[in-house]
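Written out below as structure tokens is the structure these notes cover.
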Amino acid sequence: MRKYEIFKIKAEYQSFIMGRERLLFDLLAMGPSTNYQEIEYLCDRLNEMELDQLIQRKLGKSFDELDSYHNEYRLTHLIKGEVFIKMGTHCIQVYCQGSRMLDLDLFVALSSSTDRFFAVMNEQEECGWLKPVK
């Protein structure tokens with residue numbers, strides 16, 4: 001199972017973070033509860049309604065089954081596998097089990113709304129923008 005934490009970086013800090021992603025990873029890898037003040041400073045609060053519509057409309061089309069309850073979503077695809085999404089105030093926690101195409105489907109859907117989403121994958125010590133700047 002792959003676990004991601006996805007944050008929406010504030011527009012005014014996005015250009016500053018470009019090229020310094022590893023420093024941001026070090027800050028975010030400790031967990032949202034540990035560095036809450038820093039995360040609140042660097043990251044936008046998540047708009048639950050906007051993300052709900054994005055998940056329901058964009059991702060819902062690509063999956064065989066979509067269950068939602070209080071900012072938690074379980075999306076199932078018979079071939080690709082399953083994605084569990086939980087939204088917090090500043091962080092989207094995502095658990096993917098199955099094909100890596102699940103991750104790609106999610107990243108494409110989220111990045112269609114903005115280029116400021118930044119994902120952290122603690123176990124593999126990986127991080128990056130969902131929609132890299134060209």
Original post:
Do the side chains of V94 and K86 get nearer than 4.5 Å, heavy atoms only?
Top reply: no
Subject >> Check: E82 and R74 side chains under 4.5 Å, non-hydrogen atoms >> reply: yes
Original post:
Any side-chain heavy atom of K80 within less than 4.5 Å of one from D105?
Top reply: yes
Original post:
Mind checking whether I39 and F25 sit in one hydrophobic cluster, side chains of I, L, V, M, F, W, Y counted as touching below 4.5 Å?
Top reply: yes
Original post:
Are L42 and L27 close enough, and set up right, to give a side chain to side chain contact (heavy atoms under 4.5 Å, CB included), and what steps lead you there?
Top reply: CA-CA 11 Å; L42 290 171; L27 175 73; 3.6 Å; yes
Subject >> M87 and H70, any side-chain heavy atoms less than 4.5 Å apart >> reply: no
Original post:
Does a donor on one side chain and an acceptor on the other come within less than 3.5 Å for Y13 and Y41?
Top reply: yes
**OP:** Could you tell me which residues satisfy side-chain hydrogen bond (donor to acceptor under 3.5 Å, both in side chains) with D44, sequence neighbours excluded, listed by chain and number?
**Re:** R116
Original post:
Does M1 CE have over 12 foreign heavy atoms under 6.0 Å away?
Top reply: yes
Subject >> Shortest non-hydrogen separation from L51 to I92 and the atoms involved >> reply: CD1-CD1, 3.9 Å
Original post:
Taking a hydrophobic cluster as the set of Ile, Leu, Val, Met, Phe, Trp and Tyr residues connected by side-chain heavy atoms closer than 4.5 Å, whether directly or through intermediates, do V120 and I6 fall within one such cluster?
Top reply: no
Original post:
Where do T76 and F63 land on the side chain to side chain contact (heavy atoms under 4.5 Å, CB included) test, with the steps shown first?
Top reply: CA-CA 6 Å; T76 306; F63 287 82; 5.6 Å; no
Original post:
For G19, does its backbone N or O pair with a side-chain atom of E21 as donor and acceptor, under 3.5 Å?
Top reply: yes
**OP:** May I ask you to check whether over 12 heavy atoms, not counting those of R57, lie within 6.0 Å of atom CZ?
**Re:** no
**OP:** May I ask whether L66 and I85 are part of the same hydrophobic cluster, defined by side-chain heavy atoms of I, L, V, M, F, W, Y residues being less than 4.5 angstrom apart, directly or through others?
**Re:** yes
**OP:** Verify, without hydrogens or angle tests, whether D64 (side chain) and L78 (backbone) share a donor-acceptor contact under 3.5 angstrom.
**Re:** yes
Original post:
Passes side chain to side chain contact (heavy atoms under 4.5 Å, CB included), K58 versus S112? Steps please.
Top reply: CA-CA 9 Å; K58 297 243 180 192; S112 69; 3.4 Å; yes
Original post:
Less than 4.5 Å apart, any side-chain heavy atom of Q56 and any of S68?
Top reply: yes
Original post:
Going from CZ on R20 to CE on M18, what distance comes out if it is rounded to the nearest 0.5 angstrom?
Top reply: 11.5 Å
**OP:** Take K131 and L110 through the test side chain to side chain contact (heavy atoms under 4.5 Å, CB included) and record every step on the way to the result.
**Re:** CA-CA 9 Å; K131 187 175 187 178; L110 289 175; over 6 Å; no
Subject >> Validation row: H90, L46 side chains within 4.5 angstrom (heavy atoms) >> reply: no
**OP:** Could you pull out all residues at least two apart from Y69 that satisfy side-chain hydrogen bond (donor to acceptor under 3.5 Å, both in side chains)?
**Re:** none
Subject >> Distance (rounded to the nearest 0.5 Å) between C96 SG and M101 CE >> reply: 12.0 Å
Original post:
Do W129 and I9 come within less than 4.5 Å of each other through their side chains, counting heavy atoms only?
Top reply: yes
**OP:** Please examine the side chains of Y4 and Q93, heavy atoms only from C-beta on, and report whether any two atoms are closer than 4.5 Å.
**Re:** no
Original post:
Hey, quick one: are L54 and Y73 part of the same hydrophobic cluster, counting side-chain heavy atoms closer than 4.5 Å, chains of contacts allowed?
Top reply: yes
Original post:
Where is the tightest heavy-atom contact between R2 and S99, given as atom of each residue plus distance?
Top reply: NH2-O, 3.0 Å
**OP:** Taking all heavy atoms of H77 and all of S62, pick out the closest pair and write down the distance.
**Re:** CD2-O, 3.1 Å
Subject >> Smallest separation among heavy atoms of E40 and K10, with atom names >> reply: O-NZ, 3.2 Å
Subject >> Nearest atoms (heavy-atom pairs only) where L130 meets F107 >> reply: CD2-CD2, 3.5 Å
Original post:
What is the distance from atom CZ of F7 to atom SG of C43, rounded to the nearest 0.5 Å?
Top reply: 6.0 Å
Original post:
Is there a path of hydrophobic side-chain contacts, each under 4.5 Å between heavy atoms of I, L, V, M, F, W or Y residues, that connects F117 with L102?
Top reply: yes
